[in-house]
Novice: 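Shown below is the structure under consideration.
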Amino acid sequence: MPLLSVLSRMERNGVKLDVDMLHTQSSELAHKMIKIEQQAHDLAGQTFNLASPKQIQEILFDKLELPILKKTPKGQPSTAEDVLQELALDYPLPQLILDHRGMSKLKSTYTDKLPGMVFAKTGRVHTSYHQAVAATGRLSSSDPNLQNIPVRTPEGRRIRQAFIPEPGFKILSADYSQIELRIMAHLSQDKGLCRAFERGEDVHRATAAEVFSVAPEQVSNDQRRHAKAINFGLIYGMSAFGLARQIKVDRKAAQQYIDRYFERYPGVKEYMENTRQQAHDTGFVETVFGRRLYLPEINSSNHLRRQYAERTAINAPMQGTAADLIKKAMLSIDDWLQANNSPVSMIMQVHDELVFEVPDNEIEAISELVIQHMMGVAELSVPLIVAVGIGDNWDQAH
DNA sequence: AGGTTAAGCGCG
DNA sequence: AAAGCGCGCTTAACCT
């Protein structure tokens, strides 16, 4: 069966929503937002629209004369999240704006919008998946986008709790753990990185131990957090400058971390250099399975465009291979479900995660089946680990 | 009235 | 001078 048919079936399956729960959350958010607005107006000494970047600029930077830490591409003082977080350390108003923004996002995009997207005939929401949008080979989802449902904050997770199964069913979520780092280990064949995954170690902790020269059990929370930022940064082609900004150390320290990383993981260094070189020589990069991404600007005389293409060259094989793997898993799982006339529905895909609606009495068998299919799609140099969760809503299952 | 862009932010 | 990859959605601001 072609992937497109699998996607169509998933769209048709849809997912059930607890609409009442979302309505309740909407009201609560509205109430909290009004309170924040009042506090903000008191601090500013005037009323203003907390959703208007222009008005926020006027109040923060013209009226209150807070320092301008960053500008937008058009030269206006930026009020972006990281800027306001920095300012919030010294002034009260930025935190209120941030809180308000977060709630406003949740309310307008999710709790207000999703109930209206329930399709009357099925009582469920039906997204559209797009197979040929993302350059790296990922799927995208729209109308509504089910690939950006909140999860990182407690308030956000309450929205996930509204994604529920039919009576007699459970939500089963299965995701690949650290899939892109595992692919980096496979592609680079770096000894240390492969060994960490083979031994089932906490990879960020292992990285921290190497980079900061301490025993794994001695790694502090901050060190692990920094190592995690380094690992992600590598996948994205980040520079010392970017790392410094991310983890709030000076540029020199960030450069030392990166140097240290490449000393400890020389295979990764070599892989990065080879990938860049290959992109320059051939004009494309490819995934483990040979799917290519062409990079017409890799030899551009414009530095910005060239550097952008170089970062894409680093990232695309890893992000793209992860996309290939989960698509293969979707195909083989769908194949099995169809062949066995299974009552199980595959209902969502979120890049490294598959979500199913499973009859209560089949949970254990299907968990095992999904894990086996996802792990078994390819034989890489490191194990592909799949974590499964089960629950009465998507948040519980995740 | 309607469309487009900029800024910002939700997710992996 | 910029500085971390890939998406989609909302509001404000601007434009026709």
Side-chain angles (χ1 to χ4, degrees), chain A residues 48-57 70-85 97-98 100-114 117 127-130 132-153 155-157 159-160 175-181 184 229-247 251 254-255 258 285 293 295 302-320 322-323 326 348-354 394 398:
Chain A
F48 67 103
N49 181 354
L50 272 84
S52 161
K54 203 180 159 195
Q55 291 181 43
I56 291 171
Q57 280 163 21
K70 198 174 92 179
K71 295 193 173 180
T72 67
K74 283 198 117 188
Q76 295 298 308
S78 168
T79 68
E81 188 173 20
D82 54 338
V83 174
L84 294 191
Q85 256 162 18
I97 295 170
L98 284 171
H100 187 274
R101 263 199 203 146
M103 293 181 195
S104 166
K105 181 84 176 177
L106 294 183
K107 184 169 183 297
S108 64
T109 310
Y110 305 104
T111 60
D112 281 354
K113 216 37 116 334
L114 287 172
M117 304 208 63
T127 186
S128 296
Y129 286 106
H130 311 285
V133 172
T136 52
R138 277 187 175 184
L139 301 179
S140 79
S141 157
S142 69
D143 308 293
N145 182 355
L146 296 184
Q147 292 179 322
N148 72 345
I149 301 301
V151 71
R152 292 174 189 175
T153 64
E155 308 80 59
R157 276 198 293 279
I159 292 167
R160 256 174 209 240
D175 66 280
Y176 285 113
S177 71
Q178 287 122 14
I179 184 72
E180 291 179 0
L181 277 179
M184 186 165 89
I230 294 169
N231 281 329
F232 273 98
L234 285 165
I235 292 170
Y236 298 149
M238 186 167 57
S239 67
F241 179 94
L243 180 63
R245 204 161 53 98
Q246 172 76 28
I247 62 178
R251 207 199 53 78
Q255 187 61 57
I258 292 174
V285 290
L293 178 66
L295 300 161
N302 180 323
H303 290 202
L304 288 185
R305 289 171 184 236
R306 193 171 66 240
Q307 285 174 358
Y308 183 27
E310 284 179 359
R311 292 195 295 274
T312 307
I314 295 294
N315 177 257
M318 292 180 269
Q319 191 180 124
I326 196 162
M348 291 187 279
Q349 190 258 35
V350 191
H351 308 306
D352 63 356
E353 172 187 13
L354 293 175
W394 191 9
H398 194 270

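Because the structure is predicted, anything quoted here is derived from the model rather than measured. Chain naming here is simple, since letters A, B, ... match the order of the sequence lines and numbering starts at 1 in each.
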Novice: So, taking the atom named CE in A/M103 and the one named CZ in A/R101, what distance separates them when rounded to the nearest 0.5 Å?
Specialist: 14.0 Å

Novice: Give one of base, sugar-phosphate or nothing for A/I235, where a contact means two heavy atoms less than 4.0 Å apart.
Specialist: nothing

Novice: Within less than 4.0 Å of OP1 or OP2 of B/dC9, is there a side-chain N or O belonging to A/Y110?
Specialist: no

Novice: Using a 4.0 Å heavy-atom cut-off across all strands, classify A/A316 as base, sugar-phosphate, or nothing.
Specialist: nothing

Novice: Can you tell me how far the OH atom of A/Y129 sits from the CD atom of A/Q147, to the nearest 0.5 Å?
Specialist: 6.0 Å

Novice: Quick one: on DNA chain C, does A/Y308 or A/R251 contact a more 5' nucleotide (nearest heavy atom)?
Specialist: A/R251

Novice: Where the side chain of A/K74 is defined as all heavy atoms beyond and including C-beta, which of B/dA6, C/dC5, C/dT11 is the nearest nucleotide?
Specialist: B/dA6

Novice: Starting the side chain at C-beta, find the nucleotide from B/dG8, B/dG12, C/dG6 nearest to A/S78.
Specialist: B/dG8

Novice: For a quick check of understanding: with a heavy-atom distance under 4.0 Å over all strands, which category does A/Y129 fall into, base, sugar-phosphate or nothing?
Specialist: nothing

Novice: In whole Å, what is the span from the CD1 atom of A/I159 to the C1' atom of B/dC9?
Specialist: 13 Å

Novice: What is the minimum heavy-atom distance between A/P150 and A/I159, and which atoms define it?
Specialist: CG-CD1, 4.0 Å

Novice: What is the distance, to the nearest angstrom, from the CG atom on A/N145 to the C1' atom on C/dG8?
Specialist: 5 Å

Novice: Of the candidate nucleotides C/dG8, C/dA3, B/dG12, which contains the atom at the shortest distance from the side chain of A/N148?
Specialist: C/dG8

Novice: What are the two closest non-hydrogen atoms of A/T79 and A/Q57, and how far apart are they?
Specialist: CG2-CG, 3.9 Å

Novice: For A/K71 and C/dA1, give me the distance from atom NZ to atom P, rounded to whole Å.
Specialist: 12 Å

Novice: B/dA6 phosphate, OP1 or OP2: any side-chain N/O from A/T72 under 4.0 angstrom?
Specialist: no

Novice: Quickly work out the A/E155 CD to B/dC11 P distance and round it to whole Å.
Specialist: 11 Å

Novice: Does B/dC9 have OP1 or OP2 sitting under 4.0 Å from an N or O in the side chain of A/R101?
Specialist: yes

Novice: The side chain of A/Q307 is closest to which nucleotide in this list: B/dG12, C/dA2, B/dA7?
Specialist: C/dA2

Novice: To the nearest Å, how far apart are A/E353 CD and B/dG10 P?
Specialist: 18 Å

Novice: Quantified in whole Å, what is the P atom distance between nucleotide B/dG8 and nucleotide C/dA3?
Specialist: 15 Å

Novice: For A/Q319, answer base if it contacts any base atom (sugar-phosphate contacts may also be present), sugar-phosphate if it contacts only those atoms, and nothing otherwise; contact means non-hydrogen atoms under 4.0 Å.
Specialist: base

Novice: NA contact type, A/R311, heavy-atom cut-off 4.0 Å: base, sugar-phosphate, or nothing?
Specialist: sugar-phosphate

Novice: When the distance from CD of A/Q57 to C1' of C/dA13 is rounded to whole Å, what number comes out?
Specialist: 11 Å

Novice: Could you identify the nucleotide paired to C/dA3, looking across every strand shown and requiring Watson-Crick or G-U wobble geometry with both distances under 3.5 Å?
Specialist: none

Novice: Does A/K105 have a side-chain nitrogen or oxygen under 4.0 Å from the phosphate oxygens OP1 or OP2 of B/dG8?
Specialist: no

Novice: List the atom of A/I235, the atom of A/I314, and the distance in Å for their closest heavy-atom pair.
Specialist: O-CG2, 4.1 Å

Novice: Check whether any side-chain N or O of A/S52 sits under 4.0 Å from OP1 or OP2 of C/dA13, and answer yes or no.
Specialist: yes

Novice: Check whether any side-chain nitrogen or oxygen of A/S104 sits under 4.0 Å from OP1 or OP2 of C/dT11, and answer yes or no.
Specialist: no

Novice: Report yes if at least one side-chain N or O of A/R152 is closer than 4.0 Å to OP1 or OP2 of B/dG12; otherwise report no.
Specialist: yes

Novice: Can you see if the side chain of A/T136 gets near the phosphate of C/dG6 - specifically, an N or O under 4.0 Å from OP1 or OP2?
Specialist: no

Novice: Which pair of heavy atoms, one from A/N148 and one from A/Y110, lies closest together, and at what distance?
Specialist: O-OH, 2.6 Å

Novice: Taking CG from A/N49 and C1' from B/dA7, how many angstroms apart are they, rounded to a whole number?
Specialist: 14 Å

Novice: For residues A/L295 and A/A313, report the shortest heavy-atom separation together with the two atoms involved.
Specialist: CD1-CB, 3.5 Å

Novice: Is any side-chain N or O of A/R245 closer than 4.0 Å to OP1 or OP2 of C/dA3?
Specialist: no

Novice: Taking OP1 and OP2 of C/dC9, is either one under 4.0 Å from a side-chain nitrogen or oxygen of A/S108?
Specialist: no

Novice: Rounding to an integer number of Å, can you tell me how far A/Q55 CD sits from B/dA7 C1'?
Specialist: 15 Å

